[in-house]
Amino acid sequence: MHGVNRMKILKQAVEDEVAAALAGAGVEGELANLLGPATVEEHGDLAVPCHSLAPILKRSPVDIAELITSELAPALSGIAEVSAVSGFVNIKAEPAWLATSLSELLLDERLGVSTENPRVAAVDYSSPNVAKEMHVGHLRSTVIGDAIVRMLIHKGHTVYRENHVGDWGTPFGMLIEHLLDLGEDNAADELGMGDLDGFYKQARAKFNTDEMFVERARNRVVMLQGGDDETLRLWRVLVDESMRYFNEVYSMLGVLLTNDDIMGESNYHHLLPEVVSRLDNLGILEDSDGAKVVYPGGWVNREGEPLPLIIQKADGGYNYATTDLACIIDRVERLGCNDLLYVVGTPQSQHFKMVFEVAKQAGLMDKSHIANHIKFGSVLDSDGKILKSREGEAIKLVDLLNESVVRAEQTIAQRNPSIEGEQRIEIAKAIGIGAVKYADLSTERTKDYIFDWDRMLSFEGNTSPYLQYAYARICSIFRRSKVHTPLRDVSPIIIEHAEEALLARRLVNFSSMVDEALYTYSPHRLCTYLHSVASAFASFYENCPVLSAEDDEIRMSRLALCDLTARTLSTGLSLLGIDCPEQM
RNA sequence: GGGCGCGUAGCAUAGCCUGGAUAAUGCACCGGCCUCCUAAGCCGGGGACCGCGGGUUCGAAUCCUGCCGCGUCCGCCA
């Protein structure tokens, strides 16, 4: 079945009558729960497959469907047409019902999207490393995490954005020493300019070849962890300059993250001994060659021995599992979170499963807490390999975004030369950045996807430019119409043509598709839906003249359809973090 | 070796959780449509033994199971 035609609104409107009709035929209880979305759009919106009833009622599915249909059809008059086809009862929304539903949506600023009992959620996403370049690997986490945050907020939840920046650990000895070698000012300039790659590589190169440097780096790590003031000050310079640069990327990308959302690894430092003592007090901490570990059970290593989660290394240092447990303590106990969401790549799946398991065993989370690893696949090139630059290095995220904007600008210059200057640049940003984000959001997130400029920037297919184009066309209609939007009270809405009906039945589904996308943390479901709306609108646009409609009533009705479509597209895209320009 | 995930037209993807009717969408391909609201579009057409084999079911792309292929992870990096 095509996932966009779920018609939950219609289901709510008819389910009592359907249950009554089934009861009339002698079907009750679990078995009566057969009403679902139709799989073939031409047959209807909803269907009751009667095949499983045959052995109980001792009649053929065809007979049963006809019996129920004759019962149900009069009851649903004015709401939906009911017909029996080869053992299915098909229910298809009537134009009058669609019209009424659209009138209600038109009055509702939220387009039918309800707010829920508020939960408190921490969303852990983006997580770049200080003094290291952001690359496409960070793109997915940042874009998907941001869309989920926006949907959660829209549904009325309290959301803590948690940017778990890599700002601590042994590499910082090396980085600080390199900072000193360059001179603070020079180094800060280099980092502030966004040349993070160069800085990190120079430091790494020295570390690999210069023994004196290695010694200095080691000492510096000790000083950093010992809380030496001057070392901490230098560390702060690295962090601040990197964050300045990351914020530029976030701004270019149009995500919600700000400095307030930074919760780097260093913030949990004080909780690490606490993690150890809590685990120790529970008696689940064990010694393994001097390291302190927990065996959550259920995992084995290559040799078939139990696989531990390492809490404290033999040298006394901590590693990431400990920090992740400290995060859980912080989010549960300080922030009062119900939901802990981690937008992190699939390769870390086992790590999170183990961490969550240990957190449960240690009582850091109870039944009221839901920890969820929102995993995602890799970005591949056209050969199916991890996307890299020509030189075989990770592609800088800024380069990628800039190229997308440049490509978009070239297309605008070519297609619509009347748009010039600053306006063209602004529109190019919306299209170029939107295309990259949409390409990332529109595929099922757990799968890898293939990065392809031509496809994502195409104005055809399931792309953001196609959706933005539909929106821009509607804006153009309203500019010419001299009618002010948003329209609120339009009556009657007239659903006569097939194209009007198709658009209407898609628009009615917005709220349930938002719910479904959020419930499964799957922004791509919202994308698929929005594309179906834009596609239905394009057919409507070709076949149903708006401004030159036969009469004023139809003209207003069609303007209302346009307005609802525009609001659905712009609200939907904004939930994904994508802008829609009024012209393109 | 073990864990996890993936395999759907030439290509790229939905659909799988929650089993239903002719497997959907886009690109590419073929054929139509601009004195008319943005043709960056629309309409029509061809193209798939849903990796392979078993099982459950009235019914399987969907659930279970075995195999094949690919990816990924498997103790002191994050």
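The basis for the numbers below is simple: all heavy atoms, side chains too, and nothing from hydrogens, waters or symmetry mates. Numbered from 1 within each chain, the chains take letters A, B, ... in sequence-line order.
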Can you figure out which of [options] approaches the side chain of [X] most closely?
X	options	result
A/His43	B/rC58, B/rA40, B/rA21	B/rA21
A/Ser476	B/rC37, B/rG75, B/rU72	B/rC37
A/Glu265	B/rA78, B/rC42, B/rG20	B/rA78
A/Thr443	B/rG75, B/rA14, B/rA40	B/rA14
A/His51	B/rC58, B/rA14, B/rA39	B/rC58
A/Val40	B/rG75, B/rG15, B/rA21	B/rA21
A/Ser539	B/rU13, B/rA40, B/rC43	B/rC43
A/Tyr466	B/rC37, B/rG15, B/rG41	B/rG41

Positive for salt bridge (charged side-chain N to carboxylate O under 4.0 Å, His left out) with A/Asp45, one of A/Arg506, A/Lys92, A/Arg505:
A/Arg505
Spacing of the [atom1] atoms in [M] and [N] (rounded, Å):
N	M	atom1	answer
B/rG10	B/rG53	C1'	27 Å
B/rG41	B/rG26	P	12 Å
B/rA61	B/rA9	C1'	14 Å
B/rG45	B/rU65	P	41 Å
B/rC63	B/rG75	C1'	37 Å
B/rG20	B/rC50	P	16 Å
B/rC27	B/rG1	P	44 Å
B/rU8	B/rA48	P	15 Å

With A/Glu500, which residues qualify under salt bridge (charged side-chain N to carboxylate O under 4.0 Å, His left out), at least two apart?
A/Arg558
What residues, two or more places apart in sequence or in another chain, satisfy salt bridge (charged side-chain N to carboxylate O under 4.0 Å, His left out) together with A/Lys429?
A/Glu426
Those residues that, when tested against [X], pass side chain to side chain contact (heavy atoms under 4.5 Å, CB included) (two or more places apart):
X	answer
A/Lys375	A/Thr346, A/Ser349, A/His373, A/Thr446
A/Ser288	A/Val293, A/Tyr295
A/Ala439	A/Met456
A/Ser458	A/Glu460

Which part of the nucleic acid, if any, lies within contact of [X], taking any heavy atom under 4.0 Å across all strands shown: a base, the sugar-phosphate backbone alone, or nothing?
X	answer
A/Gln468	nothing
A/Ala470	nothing
A/Ala472	base
A/Pro308	base
A/Asn416	base
A/Asp167	nothing
A/Ser52	base
A/Cys544	base

Can A/Phe459 be classed as stacking with the base of B/rG41, given a centroid separation cut-off of 5.5 Å and a plane angle cut-off of 30°?
no
Listed partners of A/Asp452 passing side-chain hydrogen bond (donor to acceptor under 3.5 Å, both in side chains), at least two apart
A/Arg455
Mind checking what makes side-chain hydrogen bond (donor to acceptor under 3.5 Å, both in side chains) contact with A/Thr69, not counting sequence neighbours?
none
Which is more 5' along RNA chain B, the nucleotide nearest A/Val89 or the one nearest A/His164? Just name the residue.
A/Val89
In a check of side chain to side chain contact (heavy atoms under 4.5 Å, CB included) between A/Gln350 and each of A/Gln348, A/Lys353, A/Met354, which one passes?
A/Met354
Tell me yes or no: between the side chains of A/Thr485 and A/Asp563, is some donor less than 3.5 Å from an acceptor?
no
Return yes if a side-chain donor-acceptor contact under 3.5 Å exists between A/Gln410 and A/Gln414, otherwise no.
no
With syn defined as a glycosidic angle within 90 degrees of 0 and anti as anything else, the base of B/rC34 is syn
With no angle test and no hydrogens, is the base of B/rA21 tied to the side chain of A/Thr39 by a donor-acceptor pair under 3.5 Å?
yes
For the side chain of A/Tyr320 and the base of B/rA78, is some donor closer than 3.5 Å to an acceptor across the two?
yes
Would you call the rings of A/Trp453 and A/Phe451 parallel, tilted or perpendicular, where under 30° means parallel and over 60° means perpendicular?
perpendicular
Could you tell me whether the side chain of [Y] reaches within less than 4.5 Å of the side chain of [X], counting heavy atoms only?
X	Y	result
A/Ile311	A/Leu325	yes
A/Asn543	A/Phe540	no
A/Tyr471	A/Leu573	no

Tell me whether the side-chain N/O atoms of A/Tyr541 come closer than 4.0 Å to OP1 or OP2 in B/rC43.
no
It should be established whether A/Arg525 places a side-chain nitrogen or oxygen under 4.0 Å from OP1 or OP2 of nucleotide B/rC16.
yes
What is the distance from [atom1] of [X] to [atom2] of [N], rounded to the nearest Å?
X	N	atom1	atom2	result
A/Glu516	B/rA14	CD	P	15 Å
A/Glu542	B/rC37	CD	C1'	10 Å
A/Arg473	B/rC34	CZ	C1'	12 Å

The contact string for nucleotides 1-9 of chain B, one letter per nucleotide 5' to 3', using protein heavy atoms under 4.0 Å with B, S and - for base, sugar-phosphate only and none, comes out as BS-S-SS--
With a 6.0 Å cut-off on the ring centroids, do A/Tyr438 and A/His531 count as close?
no
Residue-level proximity of residues 287-296 of chain A to RNA chain B when a heavy atom falls under 4.0 Å
A/Ser288, A/Asp289, A/Ala291, A/Tyr295
Can you give me the N/O atom pairs linking the protein to nucleotides 26-31 of chain B at distances under 3.5 Å, or say none if there are none?
residue, atom, partner, partner atom, Å
B/rC27, OP1, A/Glu460, OE1, 3.2

RNA chain B: stems of at least 3 consecutive Watson-Crick or G-U pairs whose donor-acceptor distances fall under 3.5 Å:
B:1-7 with B:68-74, B:10-13 with B:24-27, B:29-33 with B:41-45, B:51-55 with B:63-67
